[in-house]
Peer 1: 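Quick one: the structure is below, and I'll ask about it shortly.
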2 protein chains.
Amino acid sequence: MPPKTRIQPPQTPAISDAEWIVMREFWARGETNSAEVIAALGKTQHWKPPTIMTLITRLVKKGALGFERQGREYRYRPLVDEAHCAHAVSKSLVDRVFGGRVAPLLATFLDRQKLSKKDIAELRQMLDQKPGGPK
Amino acid sequence: MPPKTRIQPPQTPAISDAEWIVMREFWARGETNSAEVIAALGKTQHWKPPTIMTLITRLVKKGALGFERQGREYRYRPLVDEAHCAHAVSKSLVDRVFGGRVAPLLATFLDRQKLSKKDIAELRQMLDQKPGGPK
DNA sequence: AGTCATTAATTACACTTGTAGTTCGAGTCA
DNA sequence: TGACTCGAACTACAAGTGTAATTAATGACT
């Protein structure tokens, strides 16, 4: 028997900044039509509908969104995992900006932003759950 | 007397991914000539010299790098602060991908990457130095 | 002074991205 | 059935980005 090959995580499509904002609307809803996302983003981003439709169409082409027709309407749903994509883009930033190290990334927020006590506690709790941390 | 206006930090130029890699070489050296950066990046990135010269020239145009002529040679130096730019680009990512929250950013590394004990300890130490942490 | 090598400037090109207008096709309504 | 509305498709354009070749200018060397 040949050795069991390691299953590689699928490559994430290259999602641009504007496309990220669109994807987050679909991830938040699971599956929805374009009108709903257009209504939401029209408010928060002040994009015109054709702008958002373009971004949706490009995401479909990239394989990040899929769709099913229902009458004349399309129902779109994400084809990629949010957490997986979030990690990929975060890792890319850390590699490029911080030489692959996570500590300086965290430091930039601790040193240059006002994080709430709750945020700090939350971060601390996360680390406490790692080996070597208090229980 | 009018109230003292708050001094805003300078806007950071929009530095692209490839340009980041170039900037980090100049930040690491403080001031240097193009040949040195070209030699370094030729090895690590396998870029041809004209590619790197283009990126340098664009960074000069963006205000991220300045230069002084010495004979026919230019000595370049960064005009923007690395930590400041790193924070700006990191914050932009967190806002776009994590809705402005730092905890999910850290979680993505804790959950999806193998961080060394040393890394974890370093992160923990940072947080310990924040109010409410053990001394 | 002429030649050569080096450095920066200029040019190129394809692709990506942000933003949006216009057209087409299908469903709905009177 | 025709008109209208809506949703997607198509089109547009400017700017930005990645990658690199070519040309021009300047200093160094013989």
Side-chain angles (χ1 to χ4, degrees), chain A residues 11-26 29 31-77 89 92-93 95-97, chain B residues 11-26 31-77 85 89 92-93 95-97:
Chain A
Q11 290 286 340
T12 57
I15 299 171
S16 72
D17 293 356
E19 288 162 359
W20 254 104
I21 295 168
V22 174
M23 280 305 298
R24 286 192 73 213
E25 293 295 328
F26 284 105
R29 292 161 171 78
E31 174 177 312
T32 191
N33 60 8
S34 61
E36 198 165 310
V37 167
I38 285 168
L41 293 177
K43 284 199 206 118
T44 59
Q45 300 294 136
H46 308 298
W47 287 332
K48 300 287 173 65
T51 302
I52 300 165
M53 278 312 305
T54 298
L55 297 172
I56 289 172
T57 303
R58 286 178 185 168
L59 285 164
V60 166
K61 190 165 181 182
K62 290 180 178 184
L65 285 180
F67 63 84
E68 272 185 351
R69 289 188 74 155
Q70 283 186 0
R72 69 170 158 183
E73 196 172 79
Y74 287 24
R75 302 280 294 179
Y76 298 93
R77 63 187 168 89
V89 72
S92 172
L93 177 98
D95 289 346
R96 189 175 67 254
V97 174
Chain B
Q11 290 287 339
T12 57
I15 300 171
S16 71
D17 293 358
E19 288 161 359
W20 255 103
I21 295 168
V22 174
M23 281 305 299
R24 286 192 73 213
E25 294 295 328
F26 283 106
E31 173 177 314
T32 192
N33 60 8
S34 61
E36 197 165 312
V37 167
I38 286 168
L41 292 178
K43 284 198 205 114
T44 58
Q45 300 292 132
H46 308 297
W47 286 331
K48 300 286 171 69
T51 301
I52 300 164
M53 278 312 307
T54 299
L55 296 172
I56 290 172
T57 303
R58 286 178 185 170
L59 285 164
V60 166
K61 190 164 182 179
K62 290 179 178 183
L65 286 179
F67 63 83
E68 273 186 347
R69 287 187 74 155
Q70 283 187 358
R72 70 169 156 185
E73 195 173 80
Y74 286 24
R75 302 280 294 178
Y76 298 92
R77 62 186 169 88
C85 292
V89 71
S92 172
L93 177 98
D95 289 346
R96 191 175 66 254
V97 173

Peer 1: Which residues, if any, of residues 37-50 of chain B bring a heavy atom under 4.0 Å of DNA chain D?
Peer 2: B/W47, B/K48, B/P50

Peer 1: Are any non-hydrogen side-chain atoms of B/F67 and B/I56 less than 4.5 angstrom apart?
Peer 2: no

Peer 1: Distance check needed: C/dA9 P versus B/Y74 OH, whole Å only.
Peer 2: 4 Å

Peer 1: Check the distance between C/dT7's P and B/I56's CD1 and give it to me in whole angstrom.
Peer 2: 12 Å

Peer 1: Just do the side-chain contact (heavy atoms from CB on, under 4.5 Å) check on B/Y76 and B/L59 with the steps written out, would you?
Peer 2: CA-CA 10 Å; B/Y76 298 92; B/L59 285 164; over 6 Å; no

Peer 1: For D/dG18, does the base pair up with any side-chain atom of B/R58 as donor and acceptor (N or O, under 3.5 Å, distance only)?
Peer 2: yes

Peer 1: Measuring to OP1 and OP2 of D/dC10, would you say a side-chain N or O of A/T57 lies under 4.0 angstrom away?
Peer 2: no

Peer 1: Using the rule given for side-chain contact (heavy atoms from CB on, under 4.5 Å), can you reason through B/W20 versus B/V89, listing the C-alpha separation, both sets of side-chain angles and the distance that settles it, and then say yes or no?
Peer 2: CA-CA 10 Å; B/W20 255 103; B/V89 71; 3.7 Å; yes

Peer 1: Can you tell me if B/T54 touches the phosphate of D/dG18, counting only side-chain N or O atoms and a distance under 4.0 Å to OP1 or OP2?
Peer 2: no

Peer 1: For A/I21 and C/dG18, what is the distance between atoms CD1 and P respectively, to the nearest whole Å?
Peer 2: 8 Å

Peer 1: Could you check which of D/dA8, C/dA26, D/dG18 has an atom nearest any side-chain atom of B/S16?
Peer 2: D/dG18

Peer 1: Could you tell me whether B/N33 contacts a base, only the sugar-phosphate backbone, or nothing, with contacts defined as non-hydrogen atoms closer than 4.0 Å?
Peer 2: nothing

Peer 1: Do B/M53 and B/I38 make a side-chain contact, defined as non-hydrogen atoms from C-beta onward lying under 4.5 Å apart?
Peer 2: yes

Peer 1: DNA chain C: A/T51 or A/G71, which has the more 5' nearest nucleotide?
Peer 2: A/T51

Peer 1: At under 4.0 Å, does any side-chain N or O of A/K62 touch on OP1 or OP2 of C/dT17?
Peer 2: yes

Peer 1: Can you tell me how far P of D/dA9 sits from NZ of A/K61, to the nearest Å?
Peer 2: 12 Å

Peer 1: If you compare all heavy atoms of B/R69 against all heavy atoms of B/R72, which two are closest, and at what distance to 0.1 Å?
Peer 2: NH2-CA, 4.3 Å

Peer 1: State the CD1-CD1 distance between A/I21 and A/I52, to the nearest 0.5 angstrom.
Peer 2: 10.5 Å

Peer 1: Between A/E36 and A/R29, does any NZ, NE, NH1 or NH2 come within less than 4.0 Å of an OD or OE carboxylate oxygen?
Peer 2: yes

Peer 1: Would you please enumerate the stems DNA chain D participates in, each stem being three or more consecutive Watson-Crick or G-U wobble pairs with both distances under 3.5 Å?
Peer 2: C:1-30 with D:1-30

Peer 1: Looking at CZ of B/R77 and OG1 of B/T32, how far apart are the two atoms once the value is rounded to the nearest 0.5 Å?
Peer 2: 13.5 Å

Peer 1: To the nearest angstrom, how far is A/L59 atom CG from D/dA8 atom C1'?
Peer 2: 15 Å

Peer 1: To the nearest Å, how far apart are B/D17 CG and D/dG18 P?
Peer 2: 6 Å

Peer 1: Report which part of the nucleic acid B/F67 touches: base, sugar-phosphate, or nothing (heavy-atom distance under 4.0 Å, all strands).
Peer 2: nothing

Peer 1: Could you state the atom-to-atom distance from CD of A/E36 to P of D/dA8 in whole Å?
Peer 2: 13 Å

Peer 1: Distance check needed: C/dG25 C1' versus A/M53 CE, whole Å only.
Peer 2: 14 Å

Peer 1: Between the side-chain atoms of B/R72 and the base atoms of C/dT7, is any donor-acceptor pair under 3.5 Å?
Peer 2: no

Peer 1: Does CZ in A/R75 sit with more than 12 non-hydrogen atoms of other residues, nucleotides or ligands closer than 6.0 Å?
Peer 2: yes

Peer 1: Where do A/K62 and A/A14 come nearest, in terms of heavy atoms and distance?
Peer 2: NZ-O, 2.7 Å

